[in-house]
Amino acid sequence: MSKPRPISGFPEWLPPQRMIEQRFLDKIKSVFEVYGYAPLETRAVEPLDQLLRKGETSKEVYVLRRLQEDSSASSPDDSLGLHFDLTVPFARYVLENSGKLNFPFRRYQIQKVWRGERPQEGRYREFVQCDIDVVDRDTLPAHYEAEMPLVIGDALGALPIPPVTIQVNNRKVCEGYYRGLGLGDPEAALRAVDKLDKIGPGRVATLLTETAGATDAQAKAVLALAEISSTDASFADSVRALGVSDPLLDEGLAELVQVVETAAAYAPGLCVADLKIARGLDYYTGTVYETQLAGFERFGSICSGGRYDNLATSGNERFPGVGISIGLTRVLGLLFGADKLAISREVPTCVLVALSDEEHRRAADDIAAALRRRGIPTEVSPTAAKYGKQIRYAERRGIPFVWFPGDPDSIKDIRSGDQAEADPATWSPPAADLHPTIN
RNA sequence: GUGGCUGUAGCUCAGCUGGUAGAGCACCGGGUUGUGGUCCCGGUGGCCGCGGGUUCGAAUCCCGUCAGUCACCCCA
């Protein structure tokens with residue numbers, strides 16, 4: 001049997017990294033809850049036709065089947081696929097449970113998702129998304145679109161990561177503008193504009209004429225819009241100065257102004273209106289969000305979302321929503337890769353109780369139990385090796401304290417070498433040492 | 001899914017035009033007979049990603065495959 005090997009795109013962290021991930025998850029969850037989002041988890045699979053209902057994502061969906069399946073029995077329609085995001089399953093869940101939910105419904109959902117795409121740094125086939133959404137019945141007030149960045153700003157701002165910038169745009173602005181321009185294929189135009197940073201205005205203009213059926217003048221006008229960006233409401237004036245008019249454009253501008261002004265009021269510097277942001281997913285109908293992590297811009301957005309008006313609809317029931325999702329695995333993968341995240345020890349243990357000989361293991365266990373009762377993470381030395389080796393056992397793992405049973409007991413801080421008498425019923429470590437700390 | 005680059009010890013890397021492997025760090029042991037980290041001495045450890053092929057002989061050449069990475073696609 002040869003040595004097991006990793007599976008491409010399915011990352012597995014070491015314990016220190018997992019501890020960091022768990023801290024992040026705890027923090028994100030608490031911020032989501034402080035905004036009143038309710039926890040939710042949906043199953044990992046959805047019927048394939050549900051997953052493929054929107055967009056051409058078919059080839060990236062992992063299909064589930066039993067090893068001993070009668071291939072003739074199941075049609076493609078009722079086979080199951082692993083969800084590739086949390087928005088589509090959530091829309092399904094809302095429709096299924098609409099009678100039991102109170103609207104507007106605010107929920108957060110932190111789960112793994114799967115996409116069968118070619119992995120590379122910061123891009124995985126299995127990764128964790130931390131998602132918030134608000135849906136309402138029939139109509140969804142636009143102020144929720146302004147709330148999303150605030151939640152994310154608080155959540156990401158509370159983590160020990162580089163600063164982030166949330167870029168916002170509104171599909172109505174682009175579509176209204178394109179319509180006012182008389183452009184043939186708005187979808188294709190959006191896709192072309194989305195590449196502006198990567199391939200530059202010249203090649204975007206070419207793409208626009210080739211794929212979106214734009215004239216040279218239209219391409220120029222589309223680029224003029226895409227190049228507008230501001231951290232305050234002034235982008236709206238810049239757009240109006242382009243002289244294109246359309247009711248949808250005005251509606252979009254008003255909504256985008258509200259998002260940017262709200263952000264500027266509560267989280268200065270967090271948001272920037274950036275009219276080239278398009279987002280690939282075609283179910284977005286209003287505000288769209290992307291997020292850049294300072295220093296890691298080339299790896300793409302770490303947190304994206306938008307407003308969708310038609311995702312959760314069934315018959316004449318309609319649940320428009322807005323949501324945004326943190327790509328936690330990407331954030332971690334990038335920061336781990338750049339050595340920007342470290343934790344003070346590789347185990348939770350704060351105290352190692354040394355063992356003089358196996359006859360005294362019971363006494364050492366008693367000490368450990370007393371410390372644990374007071375919430376101090378403690379383990380007893382695995383063997384009664386020489387004390388030097390026991391200290392080294394702690395040192396290798398970053399455990400800060402070694403407890404020496406005796407008469408009296410003593411506790412040694414192996415970083416400073418300080419050693420003092422201690423009583424397991426009363427001794428406590430400095431608060432900063434009780435649990436591993438990040439960075 | 002398409003294409004490019006890379007793959008030698010736990011880590012970072014040597015190994016000329018093919019002659020069955022080396023360094024530093026890490027790890028283990030001893031010096032230091034039960035309180036580590038320095039220093040000295042010694043040692044373990046690699047089917048050279050994996051599988052085929054060419055060859056008397058392959059880490060080295062060829063093909064495939066897996067993994068990492070980059071570009072495209074798309075996206076967290």
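Just so we're on the same page: letters track the sequence lines, and every chain starts at 1.
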For nucleotides 45-49 of chain B, give me every protein contact, N/O to N/O, under 3.5 Å, one pair per line with atom names.
residue : atom : partner : partner atom : Å
G49(B)  : O2'  : Arg5(A) : NE           : 3.3
G49(B)  : O2'  : Arg5(A) : NH2          : 2.5

(message) Restricting to side-chain contact (heavy atoms from CB on, under 4.5 Å), what partner residues turn up for Pro408(A), sequence neighbours left out?
(response) Glu421(A)
(request) Could you walk me through whether Val173(A) and Asn170(A) pass side chain to side chain contact (heavy atoms under 4.5 Å, CB included), step by step? (result) CA-CA 5 Å; Val173(A) 171; Asn170(A) 193 303; 3.8 Å; yes
(message) How many whole angstroms separate atom CD1 of Ile199(A) from atom P of C74(B)?
(response) 11 Å
(request) Decide whether a cation-pi geometry holds between Arg330(A) and Tyr124(A); the criteria are a distance under 6.0 Å from NZ or CZ to the six-membered ring centre and an angle within 45° of the ring axis. (result) no
(message) Just the rounded figure in Å: distance from P of C75(B) to CD of Gln120(A).
(response) 15 Å
(request) Please confirm whether any donor atom in the side chain of Arg123(A) sits under 3.5 Å from an acceptor in the base of A76(B), or the reverse. (result) no
(message) Give me each pair satisfying salt bridge (charged side-chain N to carboxylate O under 4.0 Å, His left out) with a member in residues 339-358 of chain A, each pair once, sequence neighbours excluded.
(response) Glu358(A)-Arg361(A)
(request) Round to the nearest Å and state the distance from Arg396(A) atom CZ to C27(B) atom C1'. (result) 7 Å
(request) Using the P atom as the reference point in each nucleotide, state the distance between U20(B) and C48(B) in Å, no decimals. (result) 14 Å
(message) Treating primed atoms plus P, OP1 and OP2 as sugar-phosphate and everything else as base, which nucleotides of nucleotides 2-8 of chain B get B, S or - for protein heavy atoms under 4.0 Å?
(response) BB-----
(request) Return the value, rounded to whole Å, for the distance between atom CZ of Phe10(A) and atom C1' of G68(B). (result) 16 Å
(request) Report, as a single string ordered 5' to 3', how protein heavy atoms within less than 4.0 Å touch nucleotides 29-38 of chain B: B base, S sugar-phosphate only, - not at all. (result) SS--SBBBB-
(message) Once rounded to the nearest 0.5 Å, what's the spacing between atom CD1 of Ile161(A) and atom CD1 of Ile438(A)?
(response) 11.0 Å
(message) Can you tell me if Ser8(A) touches the phosphate of G68(B), counting only side-chain N or O atoms and a distance under 4.0 Å to OP1 or OP2?
(response) yes
(request) Could you let me know what U32(B) is paired to, Watson-Crick or G-U wobble, both distances under 3.5 Å, or none if it's on its own? (result) none
(request) Please state how far atom CD in Glu12(A) lies from atom P in A67(B), giving the value in whole angstrom units. (result) 13 Å
(message) The test is ring pair (Phe, Tyr, Trp, His ring centres under 6.0 Å); show your working for Trp13(A) and Phe336(A) and say whether it passes.
(response) CA-CA 10 Å; Trp13(A) 308 132; Phe336(A) 290 154; 5.0 Å; yes
(request) Go through the steps for Tyr308(A) and Asp133(A) under the test side-chain hydrogen bond (donor to acceptor under 3.5 Å, both in side chains), then give the verdict. (result) CA-CA 10 Å; Tyr308(A) 44 91; Asp133(A) 280 89; 2.5 Å; yes
(request) Tell me the partner of G18(B), counting only Watson-Crick (N1-N3 plus N6-O4 or O6-N4) or G-U wobble (N1-O2 and O6-N3) with both under 3.5 Å; none if nothing fits. (result) none
(request) Kindly point out which of C72(B), A67(B), U69(B) is positioned nearest to the side chain of Glu121(A)? (result) U69(B)
(request) With sequence neighbours left out, write down each residue that passes salt bridge (Lys or Arg N to Asp or Glu O under 4.0 Å) with Glu210(A), or none if nothing qualifies. (result) none
(request) Mark this stacking check for Tyr124(A) against A76(B) as yes or no, applying ring centres under 5.5 Å and ring planes under 30°. (result) no
